[in-house]
Amino acid sequence: MRENVLLIGGGGREHAIARALEDSEALRASGSRAQSDDGEADLYACAGNRNPGIARIASEFETLETTNPKAVVEYAEEVDATIAVIGPEAPLEAGIADELEDAGIYAFGPKKEDARIETDKAFQRRFMREHDIPGCPAFETFDDMDAACEYIDEYDGDLVIKPAGLTGGKGVKVIGDQVTAEEGKEYIRDSDYDRIVLEERLIGEEVTVQAFVANGAFETAPAVQDHKRAYEGDEGPNTGGMGSYSDASDELPFMTEADYDEAVSIIEATVDALDDYRGILYGQFMLTSEGPKVIEFNARFGDPEAMNTLPVLETDFLDVLTAARDGDAPPALEFADKATVCKYAVPEGYPTNPEAGAKVQVSEESAGDALLYYASVDERDDGIYTTTSRSFALVGVADSIGEAEEIAENALAVAGEEGLHVRHDIGKADLVQRRIDHMNELRGE
Ligand code: AMP
Ligand code: GLY
């Protein structure tokens, strides 16, 4: 059967998905396009912004509103899509998977109801409690903001304030870290959130474990550590993620095999509790002195984490998609024993006051040994321009984190950083050592 794959989304994560599909046997590029010579498979893409990296790989790129079900389904039908891959959370929340399914097109991505595991943090916590999923911090949900403020006054310890809905990773405030209790209450009163979660502040190191889920079965990828804070040394506001690294094994340098296995068992309990979930289940964990606890689940690949995971995936990604569509378990996944370091270049002022419109000078050729992933840039007739979101990422893949970091840095030096900001500390030996020391201290070693 001929497969027409439709990729939905135009960020760095989706560029990484496009690359993984380009590497797929049936889609192996003929010329500059991911189209098989024998016509077994073809790749189409759509997003709100024209991502030049994806546009180069796909045989067609359509600019459309990916949260508009009618527009997406129309385009999917126009290109005779047999499988759709949904990258970002917003189309999942908009029910794009449901609408595609109604039109008879398989979507690798959860339906709106299942995506609530990400899109509704109050639901997510109650779901964990109800199904006895291990690793759930103590929490309460509130729709009365005065009651929430009272709870903060009465609670013995630090709390984390989480708006229940999607905020692009930027709505969470950690009392005792980013804000004081007074500032936290002010934040709650000044924002117009309908519902919030207040939960126990977890102390430890953050790790991401992503699972490929289909037909009740799942396969996990090596752990990745993202860096949420905007500035070096983990200072400044939360962002969508400034960069990330993974090691040449499933674990990270501060993580034991037992920690990884425990994270996987939490994912297993979650997959079991979800009814026929499909797509990526992303677990973000706090590695505490008592083992991994769940910070959140996402219903999709992480961005940047997809750029750590997919370049080392040796299994044909199209085989994963067709197995899911055909009612099978995902194939056993093979990952190369390589470390990866990903660094995002973001517009100056991101995330609070980003300045769009800088011309992006980097190209896949000038990136040298590093992999270049375009993100929220816009390709116009006279060049590629930044928007107000993350611009592009450079990824080094090597035998060690140190070598991978150097590859990413060399490419950044060539790319230039005019109008851009980069966290150079990500993946550097100093910062990795700080993580190791932190975990050792927490474990009393
Ligand atoms: P989220 O949007 O849920 O990913 O949260 C953003 C960031 O807030 C996370 O990456 C953590 O750094 C922090 N965070 C969220 N929940 C907690 C928690 N329970 N304890 C400590 N930090 C947290
Ligand atoms: N890297 C965090 C996220 O994708 O939500």
Side-chain angles (χ1 to χ4, degrees), residues 9 11-14 16-17 87-90 92-93 115 117-125 128 135-140 155 157-179 184 187 193 196-210 221 223-230 234-246 280-290 292-310 342-344 346 351 373 375-376 389-390 393 423 426 435 438 442:
R13 162 185 49 215
E14 289 75 33
I17 296 171
E89 59 277 23
L92 295 171
E93 188 181 40
I117 195 87
E118 163 166 11
T119 60
D120 183 344
K121 288 181 199 287
F123 167 80
Q124 192 265 110
R125 287 309 190 210
M128 287 190 78
C136 187
F139 73 93
E140 292 294 335
Y155 188 83
D158 290 333
L159 287 165
V160 177
I161 305 165
K162 295 186 163 184
L166 290 178
T167 60
K170 295 156 206 155
V172 172
K173 298 282 176 231
V174 182
I175 296 177
D177 180 25
Q178 294 160 291
V179 293
Y187 172 69
Y193 297 125
I196 61 167
V197 178
L198 293 179
E199 67 184 30
E200 172 193 359
R201 177 186 175 198
L202 303 165
I203 307 279
E205 283 295 325
E206 289 179 41
V207 297
T208 301
V209 179
Q210 298 160 105
V224 183
Q225 186 172 49
D226 185 18
H227 297 70
K228 289 262 184 189
R229 305 290 283 268
D234 295 322
E235 302 284 341
N238 272 333
T239 68
M242 293 295 296
S244 46
Y245 63 94
S246 63
I280 301 299
L281 182 65
Y282 163 121
Q284 192 191 356
F285 299 93
M286 186 72 86
L287 207 53
T288 71
S289 55
E290 290 148 26
K293 306 259 185 218
V294 176
I295 295 176
E296 66 169 350
F297 286 112
N298 290 330
R300 48 166 177 91
F301 279 117
D303 187 346
E305 290 95 328
M307 293 179 281
N308 303 92
T309 303
L310 290 168
C342 171
K343 302 200 191 199
Y344 250 125
V346 303
Y373 294 100
S376 296
S389 210
R390 296 172 292 182
R423 265 192 68 174
I426 294 169
R435 313 286 193 216
H438 185 206
L442 289 178

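Side-chain atoms are counted along with the backbone in the values below, which use heavy atoms only and exclude waters and symmetry mates. Whatever order the structure lists ligands and atoms in, that order sets their numbers, starting from 1. In what follows, residues are counted from 1 in the order of the sequence shown.
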ask   = Of the listed options (Arg229, Glu296, Gln124, Met286), which comes nearest to atom 22 (N) of ligand 1 when hydrogens are ignored and any heavy atom counts?
value = Met286

ask   = Does at least one non-hydrogen atom of Lys228 fall below 4.0 angstrom from an atom of ligand 2?
value = yes

note = Note: ligand 1 atoms sitting under 4.0 Å from heavy atoms of Lys228 are 4 (O), 10 (O)

task = Quick one: look up the protein heavy atom nearest atom 5 (O) of ligand 2 and list residue, atom name and how far away it is.
result = Arg300 NH2, 2.9 Å

remark   = Under 4.0 Å between heavy atoms, the region of Asn298 that gets near ligand 2 turns out to be side chain

ask   = To which of Val174, Leu166, Asn238, Ile161 does the heavy atom nearest atom 23 (C) of ligand 1 belong?
value = Val174

task = Mark up the atoms of ligand 2 that fall under 4.0 Å of a heavy atom belonging to Tyr282, in ascending order.
result = 1 (N), 2 (C), 3 (C)

query = Asp226 to ligand 2: N or O pair under 3.5 Å?
reply = yes

inquiry  = Once you restrict to heavy atoms under 4.0 Å, what part of Leu202 touches ligand 1? Side chain, backbone, both or neither.
reply    = both

inquiry  = If I take atom CG from residue Leu92 and atom CD1 from residue Ile280, how far apart are they, to the nearest 0.5 angstrom?
reply    = 11.0 Å

key: Test item, Gly241 contacting ligand 2 (heavy atom, 4.0 angstrom)   = no

Criterion side-chain contact (heavy atoms from CB on, under 4.5 Å) on Ile203 and Arg201, from CA distance to verdict = CA-CA 7 Å; Ile203 307 279; Arg201 177 186 175 198; 3.6 Å; yes

key: Subset of ligand 2 atoms that lie under 4.0 Å from at least one heavy atom of Gly302   = 4 (O)

request  = Please test Tyr187 against Tyr193 for side-chain hydrogen bond (donor to acceptor under 3.5 Å, both in side chains), starting from the C-alpha separation and ending with a verdict.
outcome  = CA-CA 10 Å; Tyr187 172 69; Tyr193 297 125; 2.9 Å; yes

query = Counting each atom of ligand 2 from 1 as listed, which ones have a heavy atom of Gly240 under 4.0 Å away?
reply = 1 (N), 2 (C)

message = Students often mix this up, so state it plainly: with edges at 30° and 60°, are the rings of Tyr245 and His227 parallel, tilted or perpendicular?
response = tilted

message = As an exercise, identify every atom of ligand 1 less than 4.0 angstrom from a heavy atom of Lys121.
response = 1 (P), 2 (O), 3 (O)

note = At under 4.0 Å between heavy atoms, what of Glu200 touches ligand 1? The answer is backbone

ask   = Does Arg13, backbone or side chain, put an N or O under 3.5 Å from an N or O of ligand 2?
value = no

ask   = Does Ser244 come within less than 4.0 Å of ligand 2, judged by its heavy atoms?
value = no

message = Can you name the atoms of ligand 1, numbered from 1 with element, that are less than 4.0 Å from a heavy atom of Val160?
response = 16 (N), 17 (C), 18 (C), 19 (N), 20 (N), 21 (C)

task = Nearest heavy atom to atom 11 (C) of ligand 1 wins, so pick from Glu206, Glu199, Lys162.
result = Glu206

